[in-house]
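Please read the structure below before turning to the comments.
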Amino acid sequence: MCTVTLSYDQNNALARRKLAALLATGLFSQHVIDSVEPTQEEIQTHRLEVEAFLNHSKKSMSNVIARYL
């Protein structure tokens with residue numbers, strides 16, 4: 001299942017009608033998400049994932065960059 005986030009002007013009648021029509025199709029469901037602060041463990045995991053991504057990116061691009069030096 002994928003998640004789609006929509007931003008719209010809640011005072012815009014057309015936007016509200018279109019959203020209601022979209023939800024009425026039954027293809028989509030609405031979920032209310034409470035804003036919860038991430039735990040220290042989640043923050044640390046995210047940092048490690050970002051670091052791993054950057055390291056991999058640097059390693060894979062090193063050959064491309066070396067050609068132009």
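As the structure is a prediction and not an experimental result, all values here were calculated from the model.
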**Item:** Apart from Ile43 itself, residues in the same hydrophobic cluster as defined by side-chain heavy atoms under 4.5 Å
**Value:** none
**Item:** side chain to side chain donor-acceptor pair (under 3.5 Å) partners of Ser29, counting only residues at least two apart
**Value:** His31
**Message:** Test of understanding: clusters of I, L, V, M, F, W, Y form through side-chain heavy atoms closer than 4.5 Å, transitively. Do Val32 and Leu23 belong to the same one?
**Reply:** no
Can you list, pair by pair, the side-chain donor-acceptor contacts under 3.5 Å of residues 61-69, counting residues two or more places apart and other chains?
residue	atom	partner	partner atom	Å
Ser62	OG	Lys59	O	2.8

**Message:** Could you work out, with side-chain contact (heavy atoms from CB on, under 4.5 Å) as the rule, every residue matching Ser7, not counting sequence neighbours?
**Reply:** none
**Prompt:** Which distance, rounded to the nearest 0.5 Å, do you find between the CZ of Phe28 and the OG1 of Thr3?
**Reply:** 11.5 Å
Just list the side-chain donor-acceptor pairs under 3.5 Å for residues 44-56, sequence neighbours left out, or say none.
residue	atom	partner	partner atom	Å
Thr45	OG1	Glu41	O	2.8
Asn55	ND2	Glu51	O	3.4

Side-chain donor/acceptor pairs under 3.5 Å, residues 9-22, sequence neighbours excluded:
residue	atom	partner	partner atom	Å
Asp9	OD1	Asn11	N	3.0
Asn12	OD1	Leu14	N	2.9
Asn12	OD1	Ala15	N	3.2
Arg16	NH1	Gln10	O	2.9

